[in-house]
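Hydrogens, waters and symmetry mates play no part in the numbers below; they use all other heavy atoms, side chains included.
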Amino acid sequence: KVYDDQVIFEAMTQSEQTLYNGILEKIGIEGSSVTFPIFSLTEKDQQNNYLKSVNKKKLNIAIHPGCGTFDYKRWEKEKFNELIISLIKNEELHILILGGKEEALLANSVLDNVPSNKYTNLVGQLNIRETLSILKKSFLLISNDSGVMHLGAAMEVPVVAIFGPTSYIKNHPLGDKTKIIISENFCNSRSNSICDECKIQWKQQKSVPLCLQSISVNDVLNEVNKFI
């Protein structure tokens, strides 16, 4: 069968949710509103051993400093480290570090000089459902533009999301509990691709894109403090 209908989608000005709703409408299904949390957890999910990592006496802030294999979307590890050291000055907070096994070295870097009783490093230890259960118990998630960011939003966890060379419009997580941090000073943050200058620097020297470099620790702290 030849399909001659199409959905017009403009990634510079529309989110992916708009695209998917457009597809549904074309096949006769009305776009439905999203009900949170999007994922349901079984009793077994909510009794996994990793939940012991959640400090029940404190506010647990989950942090995902990685971005899978898309390294160019990562805020600098040194800034994540500085952010964590600033956060733990608040005795009411406990840090949970999330990520895949390929991000183990990154996790060690962002935890440099952080007292071990102030955090729990769960990088490389959780499957997706275990990650969801940890996120559900978290007070807040701080993340780059990543899959974990979307999982947190799906579980109705407040998210502070750090965006660099990817489009915050196209990739904005669902829900209204997300604060997007971007830089308007470098790159086109709506283009969903790394600019030519930064691409060259990334390939040659693994330099973090300028749009991410321009986001300061205070920029992130100021947004985090609005939730605390």
Review point. Glu103 side chain to Gly100 main-chain N or O, any donor-acceptor pair under 3.5 Å?
Key: yes
Exercise for review: Taking the side chain as every heavy atom from C-beta outward, state whether Phe80 and Asn144 have any pair of such atoms under 4.5 Å apart.
Suggested key: yes
**Study point:** Met155 vs Leu41, side-chain contact (heavy atoms from CB on, under 4.5 Å): CA-CA, chis, key distance, verdict
**Key:** CA-CA 10 Å; Met155 294 308 293; Leu41 297 174; 4.0 Å; yes
Review point. What distance do Leu83 atom CG and Ile61 atom CD1 have between them, rounded to the nearest 0.5 Å?
Key: 8.0 Å
**Study point:** Neighbour count above 12 (heavy atom, 6.0 Å) for Ile128 CD1
**Key:** no
Exercise for review: To the nearest 0.5 Å, tell me how far Arg74 CZ sits from Ile162 CD1.
Suggested key: 13.0 Å
Exercise for review: Please list, chain by chain and in numerical order, all residues satisfying salt bridge (Lys or Arg N to Asp or Glu O under 4.0 Å) with Lys118, sequence neighbours excluded.
Suggested key: Glu91
Check your understanding: Which atoms form the tightest heavy-atom contact between Leu221 and Ser86, and what is the distance?
Key -> CD1-CB, 3.8 Å
Review point. Taking only residues two or more places apart in sequence or in another chain, which ones pass ring pair (Phe, Tyr, Trp, His ring centres under 6.0 Å) with Tyr119?
Key: none
Review point. Do you know the tightest heavy-atom contact between Leu111 and Asn81?
Key: C-ND2, 4.0 Å
Study note, to complete from the structure: d(Glu102 CD, Asp71 CG) to nearest 0.5 Å is 9.0 Å
Check your understanding: Going through the checks in order, is the side-chain contact (heavy atoms from CB on, under 4.5 Å) test met by Asn108 and Asn121?
Key -> CA-CA 9 Å; Asn108 291 337; Asn121 184 0; 4.1 Å; yes
Review point. Does the pair Met149 and Phe163 meet the rule for a side-chain contact (heavy atoms from CB on, under 4.5 Å), with working shown?
Key: CA-CA 11 Å; Met149 173 193 73; Phe163 272 72; 3.7 Å; yes
Exercise for review: Only counting residues at least two apart or in another chain, list the ones meeting salt bridge (Lys or Arg N to Asp or Glu O under 4.0 Å) with Glu130.
Suggested key: none
Practice item. Could you go through the side-chain contact (heavy atoms from CB on, under 4.5 Å) check for Leu93 and Ile88 one step at a time? Key: CA-CA 6 Å; Leu93 303 181; Ile88 61 173; 5.9 Å; no
Point to revise | Shortest non-hydrogen separation from Ile134 to Tyr50 and the atoms involved | key: CD1-O, 3.4 Å
Check your understanding: Is it the case that more than 12 heavy atoms not belonging to Lys58 sit under 6.0 Å from its NZ atom?
Key -> yes
Check your understanding: Is any side-chain heavy atom of Val160 less than 4.5 Å from a side-chain heavy atom of Phe227?
Key -> yes
Check your understanding: For Glu43, which residues count as a salt bridge (Lys or Arg N to Asp or Glu O under 4.0 Å) partner, sequence neighbours excluded?
Key -> none
**Study point:** Min side-chain heavy-atom separation Thr131-Leu122 under 4.5 Å
**Key:** no
Check your understanding: Would you say the side-chain atoms of His94 and Thr120 include a donor-acceptor pair closer than 3.5 Å?
Key -> yes
Practice item. Report yes if some heavy atom in the side chain of Leu212 is under 4.5 Å from a heavy atom in the side chain of Pro165; otherwise report no. Key: yes
Exercise for review: Please name the pair of heavy atoms, one in Lys77 and one in Val110, separated by the smallest distance, quoted to 0.1 Å.
Suggested key: O-CG1, 3.7 Å
Check your understanding: Would a 4.5 Å heavy-atom cut-off, applied to side chains only, mark Val123 and Leu106 as touching?
Key -> no
Practice item. Tell me, please, which residues at least two apart from Lys73 pass side chain to side chain contact (heavy atoms under 4.5 Å, CB included). Key: Cys67, Phe70, Asp145, Thr166
Check your understanding: What do the steps show when you test Lys79 against Glu82 for salt bridge (charged side-chain N to carboxylate O under 4.0 Å, His left out), and what is the final call?
Key -> CA-CA 5 Å; Lys79 289 182 179 176; Glu82 186 180 342; over 6 Å; no
Review point. Nearest 0.5 Å, what's the CG-NE2 distance between Leu96 and His64?
Key: 13.5 Å
**Study point:** Atom pair NZ/CG of Lys136 and Leu51 - distance to nearest 0.5 Å
**Key:** 10.0 Å
**Study point:** Closest approach of Gln213 to Val208 (non-hydrogen atoms, all atoms of both residues)
**Key:** NE2-O, 2.5 Å
Practice item. Would you check if there is a donor-acceptor pair between the side chains of Ser216 and Asp219 at a distance under 3.5 Å? Key: yes
Review point. Minimum heavy-atom separation for Leu87 to Ile95, with atom names?
Key: CD1-CD1, 4.2 Å
**Study point:** Qualifying residues under salt bridge (Lys or Arg N to Asp or Glu O under 4.0 Å), relative to Asp45, sequence neighbours excluded
**Key:** Arg129
Practice item. Nearest 0.5 Å please: distance from the CD1 atom of Ile84 over to the CD1 atom of Ile142. Key: 8.0 Å
**Study point:** Test item: Ile181 and Trp75 side chains (from C-beta on) under 4.5 Å apart, heavy atoms
**Key:** no
